[in-house]
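Accompanying notes for the structure given below.
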Amino acid sequence: KKLKQTGQSAASFIEGKRLFSQYFQEKIKAYQPEDCIAETIVKIEEGDPLTEMLNLSKVHNIDLIAVGRKSTSPHMQILTKRLVRRALCSVLCITENPKLEFKRILVPISYDRYARYAVKRAVEFVHDHPEVELVCFNAYQVPTGYHASGHSREKFAEIIREQSKKRYERFIKSVDT
């Protein structure tokens with residue numbers, strides 16, 4: 001229907017997609033080392049970007065989705081958030097003007113299985129890149145009803161901090177590295 005409205009034939013539309021795909025493959029190859037044997041696949045699909053990315057990641061058994069994140073575009077922020085929530089594989093969000101030399105990796109931990117996966121992958125990365133520092137982080141909040149315990153806010157915060165340290169010790173021992 002869209003082709004009829006624009007006066008474009010199906011054959012010329014398919015040829016346009018093929019040429020566009022070829023153009024991007026050539027651009028990608030320009031950044032690859034000459035001895036690179038990785039296959040480059042360029043897909044151009046009509047449809048909702050999120051749905052198409054999720055479908056493509058399933059069909060091609062994708063391990064990692066690398067997505068650019070423009071900090072000033074609300075649409076991209078929403079798309080990226082939804083992609084991170086719904087993707088069955090890992091998602092790497094790359095900001096504008098990234099520096100691709102990693103010196104420190106922050107891994108927020110909440111002591112659940114997802115944090116365990118993240119720590120395990122980060123430890124594996126650091127093992128292969130010993131110059132990288134791994135920073136594990138857990139945030140806690142003192143609940144508003146702390147005063148009912150009979151402790152001051154500072155004392156209650158100290159109790160929570162000590163509990164968190166103990167949980168971290170148990171947690172990190174449970175990470176099979």
Side-chain angles (χ1 to χ4, degrees), residues 16-141 160-161 164-165 167-168 170-177:
K17 280 179 68 170
R18 188 188 68 74
L19 290 172
F20 202 60
S21 176
Q22 183 179 350
Y23 168 79
F24 275 107
Q25 284 180 328
E26 289 170 8
K27 287 289 190 185
I28 291 168
K29 284 219 179 274
Y31 289 98
Q32 294 175 328
E34 287 185 26
D35 60 345
C36 180
I37 59 171
E39 180 183 5
T40 300
I41 300 170
V42 177
K43 292 283 192 177
I44 301 166
E45 302 293 337
E46 180 183 350
D48 172 62
L50 178 63
T51 303
E52 294 303 321
M53 280 189 277
L54 294 172
N55 288 339
L56 190 68
S57 69
K58 282 182 188 176
V59 169
H60 289 278
N61 198 25
I62 300 296
D63 300 312
L64 175 68
I65 298 173
V67 62
R69 185 180 64 86
K70 186 174 181 179
S71 57
T72 58
S73 172
H75 174 71
M76 283 305 293
Q77 291 175 359
I78 292 168
L79 177 64
T80 303
K81 285 179 187 178
R82 288 180 179 162
L83 181 62
V84 167
R85 272 188 276 152
R86 295 184 52 197
L88 299 176
C89 61
S90 296
V91 178
L92 174 63
C93 298
I94 303 171
T95 59
E96 294 175 84
N97 304 314
K99 66 175 192 180
L100 297 176
E101 181 183 329
F102 302 109
K103 295 179 182 172
R104 288 177 202 86
I105 298 176
L106 175 67
V107 183
I109 53 174
S110 54
Y111 308 119
D112 61 10
R113 67 182 179 163
Y114 303 107
R116 189 172 289 110
Y117 298 149
V119 169
K120 188 173 183 175
R121 295 292 93 76
V123 167
E124 289 170 358
F125 182 85
V126 170
H127 182 268
D128 294 337
H129 302 84
E131 72 282 5
V132 176
E133 178 183 1
L134 183 62
V135 178
C136 294
F137 168 77
N138 174 263
Y140 65 88
Q141 290 182 318
I160 293 174
R161 189 174 20 263
S164 186
K165 285 179 184 178
R167 284 185 75 190
Y168 174 78
R170 286 192 308 269
F171 172 82
I172 207 66
K173 285 179 186 175
S174 74
V175 175
D176 182 28
T177 55

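At most 12 heavy atoms of other shown residues, nucleotides or ligands fall within 6.0 angstrom of atom CG in Asp63. In this structure, Tyr23 places its OH atom where only 12 or fewer heavy-atom neighbours from other residues, nucleotides or ligands lie under 6.0 Å away. Other residues, nucleotides and ligands contribute at most 12 non-hydrogen atoms within 6.0 Å of the CD atom of Glu101. Environment of OH in Tyr114: sparse, with no more than 12 heavy atoms of neighbouring residues, nucleotides or ligands closer than 6.0 Å.
Listed here is the closest heavy atom pair of Ile62 and Leu56: CG1-O, 4.0 Å. What you find for Val175 and Arg116 is that their closest heavy atoms are CG2-CG, 3.9 Å. When every heavy atom of Ala115 is checked against every heavy atom of Ser110, the shortest pair comes out as CB-N, 3.6 Å. Nearest heavy-atom pair, Phe171 versus Asp112, reported as atom, atom and distance to 0.1 Å: CE1-O, 3.8 Å. Taking both residues in full, the closest heavy atoms of Asn138 and Ile109 are given as ND2-O, 2.8 Å, listed atom of the first, atom of the second, then distance. The two residues Val126 and Val132 come nearest to each other via the heavy atoms CG1-O, 3.4 Å.
The CE atom of Met53 sits 7.0 Å away from atom CD1 of Ile65, with the distance rounded to the nearest 0.5 Å. We find the CZ-OG1 distance between Arg85 and Thr80 to be 11.0 Å, quoted to the nearest 0.5 Å. Here the CG atom belonging to Asn61 is positioned 10.0 Å from the CG atom belonging to Leu88, to the nearest 0.5 angstrom. The CG atom of Leu50 lies 5.0 Å from the CZ atom of Arg86; values are rounded to the nearest 0.5 Å. Atom CD of Glu131 and atom NZ of Lys103 lie 10.5 Å apart (nearest 0.5 Å). Distance check: His129 NE2 to Ile105 CD1 gives 8.5 Å after rounding to the nearest 0.5 Å.
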